[in-house]
Amino acid sequence: QVQLVESGGGLVQPGGSLRLSCAASGSILSISTMGWYRQAVGKQRELAAMFNSGGSTNYADSVKGRFTISRDSAKNTVYLQMNSLKPEDTAVYYCNVRYYRGSLSGYWGQGTQVTVST
């Protein structure tokens, strides 16, 4: 069974930084895409950052210049470095991983809370 284990969330002050981590395991298939979504209270889930199947990255306009997605393919792990955090970044962050020949929706991590507040 596929498992995605997330870590790194927490409470930070505006302007602070956090790094999220997501490790995927349990699949014999190769990973196609890896990314981070977030959902704030009262809002729909949105894509924050991802690697597409070609290796390029996509970022939400709201996080460009502040967030950086990276990965360690050998470890099937994806990271999200979040700098210059704003209160608007407060959300539950979810890791998503898709596999070649796997389901289109992929698999989701359990979510990790990021709170940016004084």
Side-chain angles (χ1 to χ4, degrees):
Q1 58 183 21
V2 174
Q3 289 188 325
L4 304 180
V5 179
E6 299 182 32
S7 62
L11 173 65
V12 297
Q13 295 183 356
S17 298
L18 286 172
R19 190 169 90 142
L20 307 183
S21 177
C22 174
S25 64
S27 177
I28 64 172
L29 303 177
S30 297
I31 290 174
S32 176
T33 69
M34 305 182 78
W36 293 93
Y37 293 72
R38 65 185 187 180
Q39 186 166 24
V41 174
K43 294 188 176 182
Q44 292 189 326
R45 189 171 299 185
E46 66 173 355
L47 177 68
M50 71 172 294
F51 282 100
N52 64 33
S53 60
S56 61
T57 56
N58 296 105
Y59 294 94
D61 288 342
S62 58
V63 310
K64 287 180 179 177
R66 301 187 298 117
F67 290 12
T68 302
I69 189 169
S70 61
R71 64 183 176 184
D72 184 336
S73 296
K75 297 180 179 180
N76 290 332
T77 300
V78 64
Y79 307 91
L80 186 66
Q81 179 67 45
M82 303 184 293
N83 298 326
S84 302
L85 283 162
K86 304 175 180 179
E88 306 93 272
D89 296 318
T90 296
V92 178
Y93 285 70
Y94 298 91
C95 177
N96 177 267
V97 178
R98 297 180 177 89
Y99 296 86
Y100 291 108
R101 300 190 65 188
S103 68
L104 293 178
S105 59
Y107 298 87
W108 294 91
Q110 79 279 9
T112 185
Q113 177 71 49
V114 172
T115 301
V116 185
S117 176
T118 58

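All of these numbers come straight from a predicted model, not from anything done at the bench. Each residue takes its place number in the sequence, starting with 1.
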Connected via hydrophobic side-chain network under 4.5 Å: M34 and M50 | no

State which residues pass side-chain hydrogen bond (donor to acceptor under 3.5 Å, both in side chains) with Q3; sequence neighbours excluded, sorted by chain then number.
-> none

Please output the side-chain donor-acceptor pairs of residues 8-33 that fall under 3.5 Å, not counting sequence neighbours, one pair per line with the distance.
from: S17; atom 1: OG; to: N83; atom 2: OD1; distance (Å): 2.9
from: S27; atom 1: OG; to: L29; atom 2: N; distance (Å): 3.1
from: T33; atom 1: OG1; to: R98; atom 2: NH1; distance (Å): 3.4

V114, V63, V116 screened by side chain to side chain contact (heavy atoms under 4.5 Å, CB included) with M82, the one that passes | V114

With side chains defined as the heavy atoms from C-beta onward, is the minimum distance between V78 and C95 less than 4.5 Å?
-> yes

Can you list every salt bridge (charged side-chain N to carboxylate O under 4.0 Å, His left out) pair that touches residues 65-79, not counting sequence neighbours?
-> R66-D89

So ring pair (Phe, Tyr, Trp, His ring centres under 6.0 Å) across residues 13-33, not counting sequence neighbours, yields none

Partner residues of K86 under the salt bridge (charged side-chain N to carboxylate O under 4.0 Å, His left out) criterion, sequence neighbours left out | none

Pairs where residues 31-63 contributes a residue and the test ring pair (Phe, Tyr, Trp, His ring centres under 6.0 Å) is met, not counting sequence neighbours | Y37-W108

Measure the spacing between CG of L4 and CG of N96 and express it to the nearest 0.5 Å.
-> 7.5 Å

Quick one: list whatever passes ring-ring contact (aromatic ring centres under 6.0 Å, His included) with Y99, sequence neighbours left out.
-> Y107

Residues passing the side-chain hydrogen bond (donor to acceptor under 3.5 Å, both in side chains) test with S84, sequence neighbours excluded, are none

Partner set under side-chain hydrogen bond (donor to acceptor under 3.5 Å, both in side chains) for E46, not counting sequence neighbours | R38

Q39: what forms a side chain to side chain contact (heavy atoms under 4.5 Å, CB included) with it, not counting sequence neighbours?
-> R45, Y94

Can you list every salt bridge (charged side-chain N to carboxylate O under 4.0 Å, His left out) pair that touches residues 50-63, not counting sequence neighbours?
-> D61-K64

ILVMFWY cluster, V97 and Y79 together (side-chain gap under 4.5 Å) | no

Listed by chain and number, what are the side-chain hydrogen bond (donor to acceptor under 3.5 Å, both in side chains) partners of S56, not counting sequence neighbours?
-> N52

Sub-3.5 Å donor-acceptor pair from the side chain of Q81 to the main-chain atoms of T68, do we have one?
-> no

